[in-house]
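Hydrogens, waters and symmetry mates are skipped; everything else that's a heavy atom, side chains included, is used.
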Amino acid sequence: MFSLNDLSKATDILHSVIQPTAQHNWPLLCKNTGCDVWVKHENHTPTTAFKVRGGIYLLHQMMQQSSRPEGLISATRGNHGQSLSFSASRAGLPVTIVVPECNSEDQNKAIKGFGAQLVIHGKDFEAARAHSLVLQKKYGFDAVAPFEKNLVLGVATYAFEFFSAVKDLDTVYVPVGMGSGICALIKTRDLLGLKTKIVGVVSEGAPTFYLSFNAGKVIATDDANTIADGVATSSPIEEAFEMIKQGADRIITVSDQEIAAAMYQYFCDTHNLAEGAGAVPLAGLNKEKEQMKGKKVGLILTGGNIDFARFVQHVADVV
């Protein structure tokens with residue numbers, strides 16, 4: 001998909017726009033998990049999520065082409081849309097983002113805040129995605145899928161930062177939504193020749209990657225119901241699944257209650273606000289902490305985009 005030289009160049013491009021994010025070893029988190037835990041804080045980017053890296057690199061590459069796009073269009077539940085809106089506005093390109101009717105109002109405000117035209121359509125992501133393709137033909141904009149080479153390469157810069165800063169990680173836990181984050185970790189680990197195990201974590205209410213990984217083939221589900229919007233996937237992208245099947249150590253599931261408990265734990269132990277998907281890796285480590293006791297572990301806190309009312313609602317049952 002890309003080389004170590006490609007990744008190094010992409011990292012330089014990203015760092016000309018945003019600062020590297022921190023990785024912290026929080027004492028209370030270590031005590032409460034029984035591990036030497038390092039958190040990669042992707043909730044500290046300009047869009048409060050890791051996906052902005054993919055948008056920045058994608059737009060950089062697009063603007064180098066002789067035939068530049070007229071604009072961009074995509075469907076999202078939030079972080080992908082913020083990424084494209086942030087990056088397209090820097091490049092001076094119009095961008096249209098389609099979200100479902102149930103989308104977080106705070107995410108909608110953030111997307112519009114970066115200058116995008118926001119279109120609300122359909123009861124779920126699939127309906128929003130289908131409508132985005134209709135609008136793409138109408139506007140003549142370039143459609144951007146949530147998983148493609150330049151997005152994954154941009155996202156991989158967080159893995160390059162993390163592995164460069166924290167040595168000898170035994171295992172890294174990462175949420176799995178459409179697959180760019182975990183695939184970026186797997187590819188970067190392999191390019192660096194590391195032996196770190198990569199564990200993907202999904203919600204029990206959106207188990208498609210768990211089922212597919214264990215079956216060795218793509219198994220779609222009828223629905224995806226979870227408080228963690230970023231992992232609410234019902235069907236894996238084939239290319240992403242193949243990388244995960246070959247490179248992940250395992251895929252595990254966690255319940256919504258375990259996710260909510262991890263959100264609350266992040267707030268108590270680190271004073272960081274984690275969205276549902278951002279807390280999924282910690283929930284996964286908590287579930288496996290007996291077998292991981294004493295090991296050096298990485299957690300990818302992928303984002304902090306959750307409105308306060310929803311946060312309070314989710315954690316109320318675990319406080």
Side-chain angles (χ1 to χ4, degrees), residues 2 7 10-11 13-15 17-24 38-60 74 76-87 104 107 110-111 114 144-166 169 172-189 198-202 228-233 237 240 243-244 259 262-263 266 270 272-284 298-306:
F2 51 81
L7 180 54
T11 301
I13 290 167
L14 262 290
H15 290 173
V17 180
I18 64 174
Q19 295 293 314
T21 58
Q23 37 278 315
H24 289 308
W38 289 83
V39 179
K40 181 60 170 168
H41 281 281
E42 291 299 284
N43 59 319
H44 293 170
T45 72
T47 64
T48 328
F50 77 106
K51 284 185 179 287
V52 71
R53 295 174 180 268
I56 291 170
Y57 185 73
L58 175 72
L59 264 295
H60 178 273
S74 191
T76 184
R77 289 297 301 268
N79 290 338
H80 176 60
Q82 284 199 54
S83 167
L84 293 182
S85 301
F86 173 88
S87 304
S104 162
Q107 284 278 22
I111 290 168
F114 286 123
V144 181
F147 189 93
E148 58 176 77
K149 175 186 174 182
N150 284 332
L151 286 178
V152 177
L153 177 49
V155 167
T157 60
Y158 90 73
F160 193 44
E161 290 174 7
F162 197 26
F163 287 134
S164 298
V166 184
L169 285 164
V172 176
Y173 288 80
V174 60
V176 186
M178 297 306 292
S180 63
I182 188 172
C183 289
L185 272 170
I186 290 169
K187 182 64 176 178
T188 303
R189 176 203 61 189
I198 308 297
V199 177
V201 190
V202 301
D229 294 344
V231 297
T233 303
I237 296 171
M243 289 187 67
I244 294 167
I259 295 169
M263 293 166 66
Y266 261 131
T270 76
N272 275 267
L273 188 66
E275 62 186 78
V280 160
L282 176 56
L299 299 175
I300 312 301
L301 205 176
T302 50
N305 284 311
I306 183 169

Take R189 and I198 through the test side-chain contact (heavy atoms from CB on, under 4.5 Å) and record every step on the way to the result. CA-CA 9 Å; R189 176 203 61 189; I198 308 297; 3.5 Å; yes
Any donor-acceptor N or O pair under 3.5 Å, side chains [X], [Y]:
X	Y	answer
T270	H24	no
E275	N79	yes
N150	H60	no

Looking at every non-hydrogen atom in both residues, tell me the closest pair between [X] and [Y] and how far apart they are.
X	Y	value
P46	F86	CB-CE1, 3.8 Å
I18	R53	CD1-CG, 4.3 Å
A145	L151	O-CD1, 3.0 Å
T302	P175	CG2-CG, 3.5 Å
Y57	I13	CE1-CD1, 3.8 Å
G298	F162	CA-CZ, 3.8 Å

Quick one: does any side-chain atom of [X] pair with a main-chain N or O of [Y] as donor and acceptor, under 3.5 Å?
X	Y	value
S87	L59	no
N305	T47	yes
S74	V144	yes
K40	T21	yes
T188	L185	no

Kindly indicate whether the side chain of [X], heavy atoms from C-beta on, has any atom under 4.5 Å from the side chain of [Y].
X	Y	value
T233	M178	yes
I306	L273	yes
L58	L84	yes
F147	V152	yes

Distance (rounded to the nearest 0.5 Å) between [X] [atom1] and [Y] [atom2]:
X	Y	atom1	atom2	value
S180	K149	OG	NZ	15.5 Å
I237	I244	CD1	CD1	9.5 Å
Y266	N43	OH	CG	8.0 Å

Full working for side-chain contact (heavy atoms from CB on, under 4.5 Å) between T11 and H15: CA-CA 6 Å; T11 301; H15 290 173; 3.3 Å; yes
Go through the steps for K187 and M243 under the test side-chain contact (heavy atoms from CB on, under 4.5 Å), then give the verdict. CA-CA 8 Å; K187 182 64 176 178; M243 289 187 67; 4.1 Å; yes
Step-by-step side-chain contact (heavy atoms from CB on, under 4.5 Å) determination, L299 to V172: CA-CA 6 Å; L299 299 175; V172 176; over 6 Å; no
Should the pair K51-E42 be classified as a salt bridge under the 4.0 Å nitrogen-to-oxygen rule? no
